[in-house]
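Worksheet: the structure to be examined is printed underneath.
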Amino acid sequence: NCLKDGNTDTAMVNGDGAHENVEDTESKQDGNGEVDGGEESNEQEVIVIQDTGFTVKIQAPGTEPFDLQVSPQEMVQEIHQVLMDREDTCHRTCFSLQLDGNVLDNFAELKSIEGLQEGSLLKVVEEPYTVREARIHVRHIRDLLKSLDPSDAYNGVDCNSLSFLSIFTDGDLGGTTGKRKKKGTELEQIDCTPPEHILPGSKERPLVPLQPQNKEWKPMQCLKVLTMSGWNPPPGNRKMHGDLMYLYIVTVEERHVSVTASTRGFYLNQSTTYTFNPKPANPSFLSHSLVELLSQISPAFKKNFTALQKKRVQRHPFERIATPFQVYSWTAPQVDHAMDCVRAEDAYTSRLGYEEHIPGQTRDWNEELQTTRELPRKNLPERLLRERAIFKVHSDFAAAATRGAMAVIDGNVMAINPGEETRMQMFIWNNIFFSLGFDVRDHYRELGGDAAAHAAPTNDLNGVRAYGAVDVEGLYTLGTVVVDYRGYRVTAQSIIPGILEREQEQSVIYGSIDFGKTVVSHSKYLELLEKTSRPLKVQKHSVLNEKNDMVELCSSVECKGIIGNDGRHYILDLLRTFPPDLNFLPVDGEDLPLESQHQGFPRQHRHRLACLRQELIEAFVEHRYLLFMKMAALQLMQQKANKDTKTDTPAITETSETSTENIVDTSQTKSTTPDSGKELEESIPGLSQAKELAASLVAEDGSDPKSREVVLNACKAVGSICNTSFDIRFNPDIFSPGVRFPDDSADDVQKQKQLLKDAAAFLVSCQIPSLVKDCLDHSALPMDGATLTEALHQRGINVRYLGTVLEFVDKTPAKAQLEHFYRIGISELITRCAKHIFKTYLQGVELSALSAAVSHFLNCFLSSFPDAVAHLPPDELVSRRKSRKRRNRVPGSGDNTAWASLTPSELWKNIGSEAQSYYHFAIQCESVDQVVEKYGLQKTNLLREISIKTGIQILIKEYNFDSRHKPAFTEEDILNIFPVVKHVNPKASDAFHFFQSGQAKVQQGFLKEGCELINEALNLFNNVYGPMHVEICACLRLLARLNYIMGDHPEALSNQQKAVLMSERVLGIEHPNTIQEYMHLALYCFANGQLSTALKLLYRARYLMLLVCGEDHPEMALLDSNIGLVLHGVMEYDLSLRFLENALTINTKYHGSRSLKVALSHHLVARVYESKAEFRSALQHEKEGYTIYKNQMGEAHEKTKESSEYLKYLTQQAVALQRTMNEIYKNGSNASIMPLKFTAPSMASVLEQLNIINGIIFIPLSQKDLENLKAEVQRRQQLQELGKNEEPSEDSPLELEDKIPID
């Protein structure tokens, strides 16, 4: 069996298009040739890592010895963690592991321990407590008590997040399932009718089902209260008796007790609320663990705690493992606020994770971030250790920075310059430096003031990301996190050692602190930055300083070099790492190319910091490279032709401008299908041979003058900075106000200006059309704002082009087939405008009025109620006099109630003018209802988008948006406001290369090898990221798909279940990826015979998709076909038809009535009608399908033949039925009736159709087919080499039928 996948050139593997593309660009930049050591070197290294595991016996007090599988790489500490998680040992935290009476070192690797081998017995020995150990113990017990309670996930703390999969699978996706119920009996038990709001055509979009209530979560109460006692800390004389701290506990039976934590364990003392008596009670129940103590004094505790731990252990580990970065939920139910000693204590200490490295000190983030970078990286094990350390420190830093930024805005951190006005204040907390995104000291006055100051941090972050990915040894960047919270933008940075003690002027030894008026350079910096020049496409250039001396730079002027007290070379202010975007930077006396002018560029933007994205630079250079090869090839052909006639070669350079422009239009770029390259080759005879020649010629040293001339001409034509080889780089200082260039580089500067104009034109004339084309052929399928933004960014299009993209769609002839894209674009544009307005709106709101202000804004934005009135907090809370004095405290703490006067009509007027001024797009709408009406939007969807973008969390309930009598939201509905955090995502490079080579193998049809490589990638990903990460999710999804194709259904189920859980936890419960994962899981469930589960999963996916993007979306057709097929399989024919006919409608709309998808839809509908014995309707649909096959594939194609056979069969059935009916009419009740075959479809036939629509197909191959397939694969690979196409998203099952070679 071989697989042929439904996807254009990259077979099914390219999971989350989003993430991978970023990495593609990063892996290409590794300029240091590490990666290209060929796979062999990697294979060797992998063996090193996987030393075989072995089993040890563990003996804990009071339990039977048990076996534990360990690996030599593990540390002793990891066994500790396992024991603290196991049901029977989870209540112990303070113990040592001993082998033959010797205590093992916690941080030792197992392989370094003498005498530890297969079958060794490790004893768990209770150790005396210290204050730190006692605290850890209490915290751990509290975590165990709260383990099923989702409130941490709702509150967005401790990297908890929600997951609801187990509710839909009743937790029964084990290997045992399928066999548990007999196939036959299962059919009767299924109730297939979905709730009303899930059926096709329903207009309701309820919110409540988003978070189904889990019966498991009704927490079993083990204790009423567990808190620190007011008698802490123990007085000196009690310390000398070993008292560490006191706890106050109320049991479920209402017994109030006071407990002493001592070095020997926990016991009851005789204190009460008002009298202190630390003597042990009688009996004191001294126990080493608090759980043992409580089990003795409270029967309810004993019973419930045991039950709770049983449930805890039964949950899938992926439901409870912490995620690497916090995920916030925009909805939450009303959660009771219970007493919680640990939470209370955490809130008032600035500890971050009590695993503080040096107790009592905060972490030195800069040192940690930089030391991990310096770890060795010569071989795979070293690189894994290094990447794991980098990733861990980054995720810790992001969490700390987020917490600090919130503390700063909430006014809980003292400024380091408290005398200045609030906008100018800077803060240090926990060794992190915080600054607000305002233009202080008119630093950005020339560049657009506050708007520039708001954009600079994200630009800077992109620069940090880019330099971090190039990863040059010896060049350091700051840890950087940008947090948007309550309308303020906060930048959090790690602190360069020594920078706070000296003036900035003294410390900057490279770059400029005044945007280029004074500039300095430094040889070491030039040497380091030159290594980044090629991967980042930054050109080395000279500028003039204030004395008119030439200064050489290899970055933009604002990029500053500072040597820290630790001797490291830091670069900061990387906001102009990438060249300026001339479409949004009008420059006097400079004209843009016509393509840009036709679209109305250049346009005035809020600030002058608009840069091109790195993805665009990559695509542009790639595009120019193709151009370069074509030109060289054309010239070589001319030379060949001229050799006979002995004339001289006409150079192409004169026409360089026009020729490049023409070619820009014909051959599209990287991200379109690779056919463009093919067409060009076909249009010029012999071009491909010439291309090979050109390639060899470029590789030569240029000794042959003829070939040198060819290369020179081609280089000039494409704007290469070098005359002997292709090399395009950008000078980031072009068009920077205040930067002056030496006269002798005027030529160069002119060239660079032209290059920038070409890049700007390329974005408009190539990238935007290619995005729209990808949406038309469904290789890009955005479903919501986030995935739309991702699709734009992948192709290097900034979101500020959204208006231009929408106008382009509007003018496209096939506009009807882009309706889903247009609608998502409009809703994104509107919610982004609302977000801009909300940001300034919130800055004027004081803390006590926050929920009132947010609910008022949402009412103005979404409620049909025309005169929304704000509720000001009652007067006793707003004291007028005091607030005057405290002018200077928190940003925005002024006594400000201006927000309350906002009205719906004013807000929508502002949204309209914001859309015009920022996106240059006209929305003619006075109110939310007009917008909803005009563009077909849904209010719940707008609510979701604005909440996610601004961090609002609302109460989950049904909102009545359309009432004209009362507003939709009250202040009780606003539960929280979260930060929106941007940070760098460090990558696991080796794992990613394995993943890619696995994908490549699969595409060549070597499934087994592909599977092994991808399993290996999974191990490496786990090694670097830990168990939870977006990329692991893609890996698991692909593995599941391979398992399924290779026939291992249970394994496919298990991997896909993990993928779903992980997607829910890491991306969010209603993220478009999660919806996709649910669909895959349903398919594998069906194949495993779990029909009712498959249906529940599909219904969940449909509910989520309705909420996220509504019914009118091409993906909905696939989902409905899946639901219809499963319902057909369980003989729910009428219900099945509703879904299949809806799928047919949507397919016809988005793929055109002649598409093969539509033919397949007709066929599926016909099959259901056949099962219902309504042969006329069946014939009608199958005929439609037949006509499409005949027109598209010709009479001889097997699909056409199959369809025609089926038509014959249906006609016979129809005739037979008619005969029988006639017989009955004629002879009444005693007619001799031929038994009719009413066939319920076999599961196998349903599964076959499911595979086809989901883009999975098994083709039995003859020898000849195999040869063809090989040739086809090679051809595709060559094409891919030529025009490295972006990956279409894995899950758009493009017509497989039309990919089957027609012999």
Side-chain angles (χ1 to χ4, degrees), residues 1-24 26-28 30 34-50 380 383-384 387 987-1025 1027 1029-1048 1051-1052 1054-1056 1058-1059 1062 1073 1076-1077 1080 1084 1255-1256 1269-1270 1273-1274 1276-1277 1280-1281 1284-1291:
N1 256 9
C2 175
L3 109 139
K4 181 94 172 329
D5 195 73
N7 261 347
T8 26
D9 289 274
T10 24
M12 55 186 211
V13 275
N14 298 334
D16 315 19
H19 313 286
E20 265 125 57
N21 272 47
V22 184
E23 296 164 55
D24 276 347
E26 294 184 2
S27 56
K28 281 193 209 127
D30 274 355
E34 275 185 8
V35 192
D36 316 323
E39 287 293 84
E40 297 72 63
S41 58
N42 276 358
E43 312 276 320
Q44 250 67 86
E45 294 171 353
V46 175
I47 297 159
V48 184
I49 298 186
Q50 299 184 319
L380 188 64
R383 281 198 299 275
L384 286 175
E387 285 177 345
K987 292 287 175 259
S989 53
D990 289 283
F992 188 67
H993 294 305
F994 271 98
F995 186 60
Q996 280 182 316
S997 32
Q999 286 182 319
K1001 280 274 187 273
V1002 171
Q1003 283 159 37
Q1004 295 158 18
F1006 303 113
L1007 298 192
K1008 205 149 169 31
E1009 293 92 323
C1011 213
E1012 282 163 12
L1013 281 166
I1014 284 161
N1015 262 313
E1016 191 48 62
L1018 187 61
N1019 282 335
L1020 301 186
F1021 275 136
N1022 272 317
N1023 230 310
V1024 174
Y1025 297 141
H1029 195 272
V1030 186
E1031 281 158 40
I1032 298 182
C1033 194
C1035 218
L1036 286 166
R1037 166 205 293 184
L1038 177 51
L1039 265 182
R1041 191 145 182 161
L1042 287 173
N1043 297 142
Y1044 180 67
I1045 286 165
M1046 286 154 53
D1048 186 349
E1051 188 60 19
S1054 148
N1055 279 326
Q1056 187 58 32
K1058 290 180 192 154
M1062 199 172 298
N1073 275 53
Q1076 303 273 8
E1077 305 297 5
H1080 293 311
Y1084 308 152
I1256 293 176
L1269 191 69
K1270 277 244 172 66
V1273 166
Q1274 280 168 344
R1276 286 185 179 184
Q1277 274 178 327
Q1280 253 170 323
E1281 289 313 299
K1284 289 222 174 52
N1285 58 326
E1286 301 249 281
E1287 16 192 82
S1289 76
E1290 179 241 286
D1291 298 354

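For the side chain to side chain donor-acceptor pair (under 3.5 Å) test with Q1056, the passing option among E1077, E1051, R1041, R1037 is E1077; the others fail. The only option from L1013, L1038, N1023, L1036 that meets the side chain to side chain contact (heavy atoms under 4.5 Å, CB included) definition with L1018 turns out to be L1036.
Going from atom CG of L380 over to atom CG of D990 covers 4.5 Å, rounded to the nearest 0.5 Å. Rounded to the nearest 0.5 angstrom, L1020 CG and R383 CZ are separated by 10.0 Å. Remark: E387 CD to S989 OG distance equals 3.5 Å, nearest 0.5 Å. Note that the NE2 atom of H1029 and the SG atom of C1035 stand 12.0 Å from one another [nearest 0.5 Å].
Not one N or O on the side chain of E1031 forms a donor-acceptor pair closer than 3.5 Å with the backbone of F992.
With sequence neighbours excluded, the residues satisfying side chain to side chain contact (heavy atoms under 4.5 Å, CB included) with E1012 are K1008. For N1022, the side-chain hydrogen bond (donor to acceptor under 3.5 Å, both in side chains) criterion is met by no residue, not counting sequence neighbours.
Of all heavy-atom pairs spanning L1042 and G1010, the tightest one is CD1-C, 4.5 Å. Between C1011 and L1039, the closest heavy-atom pair is SG-CD2, 3.9 Å.
A 4.5 Å side-chain heavy-atom check between Y1025 and K987 finds at least one atom pair inside the cut-off. Counting heavy atoms from C-beta on, the side chains of C1033 and K1058 never come closer than 4.5 Å. Residues F1021 and F994 are not in side-chain contact: their nearest non-hydrogen atoms beyond the backbone lie 4.5 Å or more apart.
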